[in-house]
Colleague: 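Below you'll find the structure I mean.
Order of appearance sets the numbers: ligands from 1, and atoms from 1 within every ligand.
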Amino acid sequence: MSAATAGTAHRAAAGGRRAGVRDQVDIAVLGGGIIGCLTAREIIRRAPGASVLLLDRELVGGGASLRSAGLHIPRGATAAVREMARFSHEHYRKLVQDRPGLPLRPVAMRVVGTAADEPRLRTDYLPEAELTATSDLPDEVSLPPGAAAWSVQGGHYADVAQVTRALTADLRTDAQIGEAVRVDAVTEHRDGVALRLGTGEELTAGKVVLAPGPWLAAPAWRAMVAPLEARVKKVVALHVGGRPAPHDAAVIFEREDAFLLPLPERGHWLFSYTCSEWDVDPDAPSKGLTEHNLHEAREILRRHAPAMAAGRLSGRVFCDAYSGTGEPTVRALGDGRVVFAGAANGSGYRLGPAIAARAADLLDMGGS
Ligand SMILES: Cc1cc2nc3c(=O)[nH]c(=O)nc-3n(C[C@H](O)[C@H](O)[C@H](O)COP(=O)(O)OP(=O)(O)OC[C@H]3O[C@@H](n4cnc5c(N)ncnc54)[C@H](O)[C@@H]3O)c2cc1C
């Protein structure tokens, strides 16, 4: 039975009841971050008759999505990630047209590397990026000796939490949204996937999407997710003083896997660099920024934006799930009725639409 047919059959069995948490749904999406939200949206688009339930143990748009810098860079280091980036780039382009009020803001972009990097950059960046040599950089950024810069088209950044919440609001017509509802157990049975909730309720889903962000070790799915060998890493993005001008460009530092993003609406820059602290617990009390974090960040800033390195640094600190392959993980688990979607290596926003589409493919609901 297709999900759409199952939804109709279920509604008939339930006498058309739409309010309240049903004890049976076609598809449950667990985790209401950007990936869970986009996946629920994609499922409803493909199977409008299906009964869909999106659950989060807190408010939707929390988790990694709340802290995200939300930068979309039109590039990918592997062919698979490039295809996901291309798909997501197009998805966000259409989304801005359909929902003009969403906080997705185009941003000029520069890439800093060396002349030797150019052939790889021309492979990694999508044709839409129109990579072009330039010397036009924000006043705060200087090119170290031997460095070169290129301009990139098609970048944007988003308030990921707000986007998630706005898109979830749209979903409320067609899906049930359960906030502050923790999932305590996920168990495959012959007749479906049983979910036990923190509210004491139990329900059965025909299929389940796990979109847990960095909560890979939640007791409900720890054993199910363990074979994926995904891990959780700290992510640090610093808030750097010096008010950006309205048209300042974001600057990607290729060699360091770091970037500077102007946030004029917040009145500061954001500097994200690659932090190597692994196996972080998203529920452990945050230590915030450490001396080591500031030391690592300042080393990169001194090379590229010395005045910023000298200033006071604060920021946002959280974590994200990493796959170990450099590509997001979207995979059926167990007997195939549970699909994992995430572990996007710090790129869950920019690759989110493609992750959602693949998860929906694996649910095999017909339509695409
Ligand atoms: C500081 C920072 C900067 C970043 N910058 C960028 C960037 O510039 N560009 C980019 O593309 N990506 C960026 N990322 C990465 C990106 O934000 C994440 O990959 C993305 O938000 C992950 O989305 P998600 O939906 O998988 O996870 P989350 O947003 O973490 O959502 C998972 C949800 O699952 C819920 N949950 C957990 N356990 C349970 C349970 N037992 N029951 C019910 N619900 C549960 C949580 O409450 C949470 O809401 C950044 C991340 C951070 C931390």
Side-chain angles (χ1 to χ4, degrees), residues 28-40 53-73 75 81 84-85 88 92 107 155-161 163-165 168 178-186 195-199 208-222 225 230 232-239 250 252 258-261 263 270-275 280 282-283 286 289 293 315-323 328-330 340-356 359:
V29 178
L30 312 184
I34 186 69
I35 291 178
C37 165
L38 289 171
T39 305
L53 174 64
L54 174 66
L55 293 176
D56 200 289
R57 64 177 208 161
E58 297 190 356
L59 291 176
V60 300
S65 300
L66 177 64
R67 284 83 170 187
S68 189
L71 184 62
H72 166 65
I73 310 171
R75 70 161 187 214
V81 175
M84 296 182 98
S88 300
Y92 283 129
V107 65
H156 79 256
Y157 69 101
D159 183 323
V160 181
V163 170
T164 306
R165 287 173 186 161
T168 304
E179 294 177 294
V181 180
R182 195 186 58 233
V183 180
D184 283 340
V186 179
L195 304 181
R196 184 158 49 76
L197 310 183
T199 54
V208 164
V209 177
L210 281 185
W215 281 272
L216 300 172
W221 46 71
R222 183 193 297 138
V225 165
V232 178
K233 188 159 80 73
K234 184 170 179 178
V235 183
V236 176
L238 293 149
H239 297 169
I252 320 298
F259 63 80
L260 266 173
L261 172 66
L263 296 177
L270 180 145
F271 176 63
S272 172
Y273 79 95
T274 302
C275 170
V280 174
D283 286 327
S286 172
L289 290 169
N293 297 149
R316 58 187 82 184
V317 172
F318 197 55
C319 54
D320 199 19
Y322 284 69
S323 65
T329 302
V330 189
F340 177 90
N345 311 303
S347 294
Y349 169 71
R350 72 183 192 93
L351 303 178
I355 294 169

Colleague: To the nearest 0.1 Å, how far is atom 5 (N) of ligand 1 from its closest protein heavy atom, and which atom is that?
Modeller: Ala69 N, 3.1 Å
Colleague: Using distance alone, decide if ligand 1 has a nitrogen or oxygen within less than 3.5 Å of any nitrogen or oxygen in Arg182.
Modeller: no
Colleague: Would you say that Pro282 contacts Phe318 through its side chain, given a criterion of any heavy-atom pair below 4.5 Å between the two side chains?
Modeller: yes
Colleague: Heavy atom to atom 16 (C) of ligand 1, shortest distance: which of Ser68, Gly62, Gly315 holds it?
Modeller: Ser68
Colleague: Do Glu58 and Glu179 touch side chain to side chain, with heavy atoms closer than 4.5 Å?
Modeller: no
Colleague: Give me the nearest non-hydrogen protein atom to atom 27 (O) of ligand 1 as residue plus atom name, then the distance to 0.1 Å.
Modeller: Gly213 CA, 3.1 Å
Colleague: Which of the atoms of ligand 1 are close to Val181, meaning less than 4.0 Å from one of its heavy atoms?
Modeller: 43 (C)
Colleague: A side-chain contact here means heavy atoms from C-beta on lying under 4.5 Å apart; do Leu351 and Ile35 qualify?
Modeller: no
Colleague: Is it the case that ligand 1 has an N or O less than 3.5 angstrom from some N or O of Leu59?
Modeller: no
Colleague: Looking at Pro214, which atoms of ligand 1 are within less than 4.0 Å of one of its heavy atoms?
Modeller: 30 (O)
Colleague: Specify side chain, backbone, both or neither for Leu261, according to which of its non-hydrogen atoms lie closer than 4.0 Å to ligand 1.
Modeller: neither
Colleague: Which option wins on minimum heavy-atom distance to atom 10 (C) of ligand 1: Gly346, Gly352, Ala250, Gly32?
Modeller: Gly346
Colleague: Of all the non-hydrogen atoms in the protein, which one sits nearest to atom 43 (C) of ligand 1, and at what distance?
Modeller: Arg57 N, 3.3 Å
Colleague: Starting from atom 33 (C) of ligand 1, which protein heavy atom do you reach first, and at what distance in Å?
Modeller: Asp56 OD2, 3.4 Å
Colleague: Decide yes or no for Ile34 and Val163: does some side-chain heavy atom of the first lie under 4.5 Å from some side-chain heavy atom of the second?
Modeller: yes
Colleague: Can you list the atoms of ligand 1 that are under 4.0 Å from a heavy atom of Gly31?
Modeller: 33 (C), 34 (O), 35 (C)
Colleague: Under a 4.5 Å cut-off applied to non-hydrogen side-chain atoms, are Val236 and Ser272 in contact?
Modeller: no
Colleague: Give the contacting part of Cys37 toward ligand 1: side chain, backbone, both or neither, where contact means a heavy-atom distance below 4.0 Å.
Modeller: neither
Colleague: Around atom 30 (O) of ligand 1, find the nearest protein heavy atom and jot down its residue, atom name and distance.
Modeller: Ala64 N, 2.8 Å
Colleague: Measure the distance from atom 25 (O) of ligand 1 to every protein heavy atom, then report the residue, atom name and distance (to 0.1 Å) of the closest one.
Modeller: Ile35 N, 3.1 Å
Colleague: Locate the shortest heavy-atom distance separating Ala359 from Ala341; write the atom from each residue and the value.
Modeller: CB-CB, 4.1 Å
Colleague: Does at least one non-hydrogen atom of Ala211 fall below 4.0 angstrom from an atom of ligand 1?
Modeller: yes
Colleague: Aromatic contact between Tyr92 and His156, with the criterion being ring centroids under 6.0 Å apart: yes or no?
Modeller: yes
Colleague: Among all protein non-hydrogen atoms, which one is nearest to atom 42 (N) of ligand 1, and what is the separation to 0.1 Å?
Modeller: Val183 N, 2.9 Å
Colleague: Roughly how far, to the nearest 0.5 Å, is the CZ atom of Phe340 from the CH2 atom of Trp221?
Modeller: 10.0 Å
Colleague: At under 4.0 Å between heavy atoms, is it the side chain or the backbone of Trp215 that contacts ligand 1, or both, or neither?
Modeller: side chain
Colleague: Taking 4.0 angstrom as the limit, do Arg57 and Asp283 come out as a salt bridge?
Modeller: yes
Colleague: Could you tell me, atom by atom, which parts of ligand 1 come under 4.0 Å of a heavy atom of Arg67?
Modeller: 1 (C), 2 (C), 3 (C)
Colleague: Could you tell me which atoms of ligand 1, counted from 1 in the order shown, lie closer than 4.0 angstrom to a heavy atom of Phe318?
Modeller: 53 (C)
Colleague: Residues two or more places apart in sequence or in another chain: which of them pass ring-ring contact (aromatic ring centres under 6.0 Å, His included) with Phe271?
Modeller: none
Colleague: Is the contact between Trp221 and ligand 1 made by the side chain, the backbone, both, or neither, using heavy atoms and a 4.0 Å cut-off?
Modeller: side chain
Colleague: Give the atoms of ligand 1, by number and element, whose distance to some non-hydrogen atom of Arg350 is under 4.0 Å.
Modeller: 10 (C), 11 (O)
Colleague: Going by the order shown, which atoms of ligand 1 are within less than 4.0 Å of some heavy atom of Phe259?
Modeller: 8 (O)
Colleague: Would you say Ala344 touches ligand 1, if touching means a heavy atom closer than 4.0 Å?
Modeller: no
Colleague: Are a donor atom and an acceptor atom from the side chains of Lys233 and Asn345 found within less than 3.5 Å of each other?
Modeller: no
Colleague: Does the side chain of Leu197 reach to within under 4.5 Å of the side chain of Arg182, using non-hydrogen atoms?
Modeller: no
Colleague: Please list the nearest protein heavy atom to atom 15 (C) of ligand 1 with its residue and the distance rounded to 0.1 Å.
Modeller: Asp320 OD2, 3.4 Å
Colleague: Evaluating non-hydrogen atoms only, which member of Ser65, Gly33, Gly198, Gly348 is closest to atom 23 (O) of ligand 1?
Modeller: Ser65
Colleague: Does the side chain of Leu71 come within less than 4.5 Å of Arg350's, by heavy atoms?
Modeller: no
Colleague: Got a second to check how far Tyr273's OH is from Asn293's CG, nearest 0.5 Å?
Modeller: 4.0 Å
Colleague: If we set the cut-off at 4.0 Å for heavy atoms, which region of Pro212 has an atom near ligand 1: side chain, backbone, both, or neither?
Modeller: backbone
Colleague: Could you tell me which residues satisfy side-chain contact (heavy atoms from CB on, under 4.5 Å) with Ala28, sequence neighbours excluded, listed by chain and number?
Modeller: Val25, Leu30, Leu195, Ala205, Val208
Colleague: Between Thr329 and Ser323, what is the shortest heavy-atom contact and its length?
Modeller: OG1-CB, 3.3 Å
Colleague: For ligand 1, note which part of Ile34 has a heavy atom under 4.0 Å away: side chain, backbone, both or neither.
Modeller: both
